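This one's a predicted model, so the numbers in the text were calculated from it and none came from an experiment.
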Amino acid sequence: QVQLVESGGGLVQAGGSLRLSCAASGIIFSLNYMGWYRQVPGKQRELVAGITSGGSINYAHSVKGRFTISRDNAKNTVHLQMNSLKPDDTAVYYCYVPSGFWGQGTQVTVSS
């Protein structure tokens, strides 16, 4: 049974930082691409960052230079370090694995 459990969301002022974590179980973590997506009400879920099993990384243009994705294969965990946060980053952030599984999401709210 695949489980993705996100943590680390919260309320932060603009310019602040948060670190999200996603703990995965039920998959061979080291072989999987892992992604972070976000969604605001009324909009489609969008890719924020992804990391392949080999460590190749891609970012949405809107977060390049501010967010950093990383993975710890020993702990089956993927992280998203978010710096210089903006109110536009406010969303529910989801962890994703391409076999079609999503985490429950963690709310990030950035106040101006």
Identify all side-chain donor-acceptor contacts of residues 11-25 below 3.5 Å with residues at least two apart in sequence or on another chain.
unit_1	atom_1	unit_2	atom_2	d
Ser17	OG	Asn83	OD1	2.9
Ser21	OG	His79	ND1	2.9

Would you find a donor on one side and an acceptor on the other, under 3.5 Å apart, between the side chain of Gln81 and the backbone of Thr68? no
Donor-acceptor pairs under 3.5 angstrom involving side-chain atoms of residues 34-47: please list them, not counting sequence neighbours.
unit_1	atom_1	unit_2	atom_2	d
Arg38	NE	Glu46	OE2	2.7
Arg38	NH1	Asp89	OD1	3.0
Arg38	NH1	Tyr93	OH	2.9
Arg38	NH2	Glu46	OE2	3.3
Arg38	NH2	Ser62	OG	3.4
Gln39	OE1	Arg45	NE	3.1
Gln39	OE1	Arg45	NH2	3.2
Gln39	NE2	Lys43	O	3.1

CG of Asn32 to OG of Ser99: how many Å apart, nearest 0.5 Å? 6.0 Å
Does Phe67 have any ring-ring contact (aromatic ring centres under 6.0 Å, His included) partners at least two apart in sequence or in another chain, and if so, which? none
I need the full list of salt bridge (Lys or Arg N to Asp or Glu O under 4.0 Å) pairs touching residues 98-110, with sequence neighbours left out, sorted by first then second residue. none
side-chain contact (heavy atoms from CB on, under 4.5 Å) with Asp88: which residues, sequence neighbours excluded? none
Would you find a donor on one side and an acceptor on the other, under 3.5 Å apart, between the side chain of Tyr59 and the backbone of Ile69? yes
Of all residues at least two apart in sequence or in a different chain, which pass the side-chain contact (heavy atoms from CB on, under 4.5 Å) check with Ser84? Arg66
Ring-plane angle category for Trp102 and Tyr94, please: parallel below 30°, perpendicular beyond 60°, tilted otherwise. perpendicular
Quiz: residues 105-112 side-chain donor-acceptor pairs under 3.5 angstrom, not counting sequence neighbours:
unit_1	atom_1	unit_2	atom_2	d
Thr106	OG1	Gly9	N	3.2
Gln107	NE2	Ala91	O	3.4
Gln107	NE2	Thr109	OG1	3.3

If you compare all heavy atoms of Asp72 against all heavy atoms of Phe29, which two are closest, and at what distance to 0.1 Å? O-CE2, 3.9 Å
Answer with yes or no whether the hydrophobic clustering places Val5 together with Ile51; edges join I, L, V, M, F, W, Y residues whose side-chain heavy atoms lie under 4.5 Å apart. no
Among residues two or more places apart or on two chains, list those pairs meeting salt bridge (Lys or Arg N to Asp or Glu O under 4.0 Å) that have a residue in residues 102-112. none
Hydrophobic cluster identity match, Val92 and Leu4, side-chain contacts under 4.5 Å: no
Sorted by chain and number, sequence neighbours left out, side-chain contact (heavy atoms from CB on, under 4.5 Å) with Ser56 holds for Thr52
For Ile28, what residues pass the side-chain contact (heavy atoms from CB on, under 4.5 Å) criterion, not counting sequence neighbours? Ser30, Leu31
Scan for salt bridge (Lys or Arg N to Asp or Glu O under 4.0 Å) pairs involving residues 92-106, sequence neighbours excluded, and state none if there are none. none
